[in-house]
Visitor: 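Take this structure, written in C-alpha cells, and hold onto it; I'll ask about it next.
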Number of protein chains: 2
Amino acid sequence: MATDNVGLSLKLFVVLTRALQSIKKRIEEDIKKQGINLTEFAVLELLFHKGDQPIQKIGSKVLLSSSSISYVVDRLVQKEMIRRRPCPDDRRITFATLTEKGHTFMADYFPKHEQAIHSILSGLDDKEKAQVIEQIKTLGFHAEGTSADK
Amino acid sequence: MATDNVGLSLKLFVVLTRALQSIKKRIEEDIKKQGINLTEFAVLELLFHKGDQPIQKIGSKVLLSSSSISYVVDRLVQKEMIRRRPCPDDRRITFATLTEKGHTFMADYFPKHEQAIHSILSGLDDKEKAQVIEQIKTLGFHAEGTSADK
DNA sequence: TTCCTTTATCTCGAATTCGAGATAATTATA
DNA sequence: TATAATTATCTCGAATTCGAGATAAAGGAA
C-alpha cells in the first residue's frame with residue numbers, strides 16, 4: 001500500500017513533540033516575566049474573552065482535570081487576578097470572575113502575548129499556517145477517535 | 001503585509017497543543033499497559049537503537065534536565081530494564097545499559113509501539129505526513145532561534 | 001417525601017519535571 | 001604542579017498535573 005510507512009509516523013510524532021516543546025518554552029518564557037504561567041494565562045484568557053465561567057467549564061476548555069483547576073484557580077485568586085463568585089441559582093456552582101486587576105492586566109498584556117506568539121511562529125507564512133492547522137486538526141480528531149480499540 | 005494574521009498564529013498554537021495532547025494521551029495509554037511511561041520508553045528506545053549511552057547524553061537526546069534523567073534512570077534500574085555501568089576511562093561518566101530483560105522487552109515491544117503510533121496518526125497519508133514534518137520542523141527551528149531577543 | 005443518581009468542587013497523595021546547588025573527576029592554565 | 005574552569009551526575013525542594021475519593025447540592029423516580 002502507498003500509506004504504510006510506519007517509521008514516518010514515528011518521525012512525525014517526534015518532530016511534533018520537539019517543535020511544540022521549543023515553542024511552548026519560548027511562549028512560557030515570555031509569560032513568566034509577568035509572574036504567571038501558561039495554564040494560568042489560558043484561564044485568564046478564557047474569562048477575558050468569554051466572561052465569567054463556572055469552574056468546571058474552565059476545566060473542559062483548557063483541558064485540565066477538576067483537581068488541577070481548583071489548584072490553578074487558587075493561585076489566580078492569591079494573585080488577585082480573579083475571584084470566586086457563588087452561583088445564586090445553583091449552590092454547587094462557583095464562577096470564576098476577573099478582578100479589576102485581572103481585567104486591566106489582560107487588556108494590556110493579551111495583545112502583547114498574541115504578538116509574541118506570532119513572532120515565535122513566524123517561520124511559516126499565513127498560507128502555510130492555515131494548511132498546517134487543517135492537517136494537524138485532522139490528525140488530532142483522528143487520534144481522539146482512536147480510542148481503546150478492542 | 002500578506003503575513004500579518006496574528007490571530008492565525010494563536011490558533012495554530014492552540015491547535016498544535018490540543019492535537020499533540022490527544023496524540024500523546026493515546027500513545028501513553030498504550031505504553032502504560034507495559035508498566036512504563038513515555039519518557040522511560042524514550043530512554044529504552046535510545047539505548048536499544050544507539051547502544052549504551054552516558055547518562056548525560058540521554059538527557060540531551062530525550063530533552064530532559066540532568067536531574068530528571070537521574071530520576072528516570074533510577075526507575076528503569078528499579079524495573080530491571082537497565083543498569084548503570086561506570087566508564088573505565090572517565091570516572092565522572094556512568095553509562096546506562098539495557099539488561100537482558102530490557103533488551104528482550106524492546107525487541108518484542110518496539111515494533112508494536114511503532115505500529116500503535118502509526119495507527120494513531122493514520123489521519124494523514126504518507127505524503128501529507130512528510131509535508132507536515134517539513135513545516136513543523138521549520139516552525140520548530142525558527143522557534144528555537146527566537147531566543148531572548150533583547 | 002425518600003432514595004438514588006448525577007453534577008460541581010475540593011482534598012489528598014502520587015507522579016513527573018525542573019532549577020539550584022553539591023560533589024567528584026577531568027582538563028586547561030599559569 | 002597548584003589553581004581555575006569545565007563536565008557529569010546526583011540530591012533536594014518546588015511546581016504542576018493527575019486520579020481517587022469526599023462532600024454537598026440538585027434532579028429524578030417511586
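Below, chain A is the first sequence line, B the second, and so on; all start at residue 1.
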Visitor: Tell me the interatomic distance from A:K32, atom NZ, to C:dG19, atom P, rounded to whole angstroms.
Guide: 8 Å
Visitor: Please tell me which of the listed nucleotides, D:dA26, D:dT17, C:dT9, lies nearest to the side chain of A:S70?
Guide: C:dT9
Visitor: Between C:dA15, C:dC10, D:dA15, which nucleotide gets closest to the side-chain atoms of B:Y71?
Guide: C:dA15
Visitor: Return the value, rounded to whole Å, for the distance between atom CD1 of A:I55 and atom P of C:dT11.
Guide: 11 Å
Visitor: Provide the closest heavy-atom pair for A:A42 versus A:V62 in the form atom of the first, atom of the second, distance.
Guide: CB-CG1, 3.9 Å
Visitor: Just so I know, are the side chains of B:I27 and B:H113 near enough to count as touching, which here means a heavy-atom distance under 4.5 Å?
Guide: yes
Visitor: Can you say whether a donor on the side chain of A:S67 sits under 3.5 Å from an acceptor on the base of C:dC12, or the other way round?
Guide: no
Visitor: For the side chain of B:L64, counting heavy atoms from C-beta on, which of D:dT9, D:dT17, C:dC18 is nearest?
Guide: C:dC18
Visitor: With a 3.5 Å cut-off and just heavy-atom distances, do the side chain of B:R92 and the base of D:dT7 make a donor-acceptor pair?
Guide: yes
Visitor: Starting at NZ of B:K25 and ending at P of D:dT17, how long is that distance when rounded to a whole Å?
Guide: 15 Å
Visitor: C:dT17, OP1 or OP2 - any side-chain N/O from B:T39 closer than 4.0 Å?
Guide: yes
Visitor: Taking all atoms of both residues into account, what is the closest heavy-atom pair of A:L8 and B:A130, and its distance?
Guide: CD2-N, 4.3 Å
Visitor: Give the rounded distance in Å between these two atoms: NZ of A:K79 and P of D:dT16.
Guide: 7 Å
Visitor: Whole angstrom is fine here: how far is it from CD1 in B:I69 over to P in D:dT9?
Guide: 10 Å
Visitor: Taking only the side-chain nitrogens and oxygens of A:S68, find out if one of them lies under 4.0 Å from OP1 or OP2 of D:dT17.
Guide: no
Visitor: Round to the nearest Å and state the distance from B:D74 atom CG to C:dT16 atom C1'.
Guide: 13 Å
Visitor: Between B:I93 and B:Q21, name the one whose nearest nucleotide on DNA chain D is closer to the 5' end.
Guide: B:I93
Visitor: Kindly point out which of D:dG19, D:dT16, C:dT17 is positioned nearest to the side chain of A:S65?
Guide: D:dG19
Visitor: Any salt bridge linking A:K129 with A:D125? Criterion: basic side-chain nitrogen under 4.0 Å from a carboxylate oxygen.
Guide: no
Visitor: Which heavy atom of A:E114 sits nearest to which heavy atom of B:G7, and what is that distance?
Guide: OE2-CA, 3.7 Å
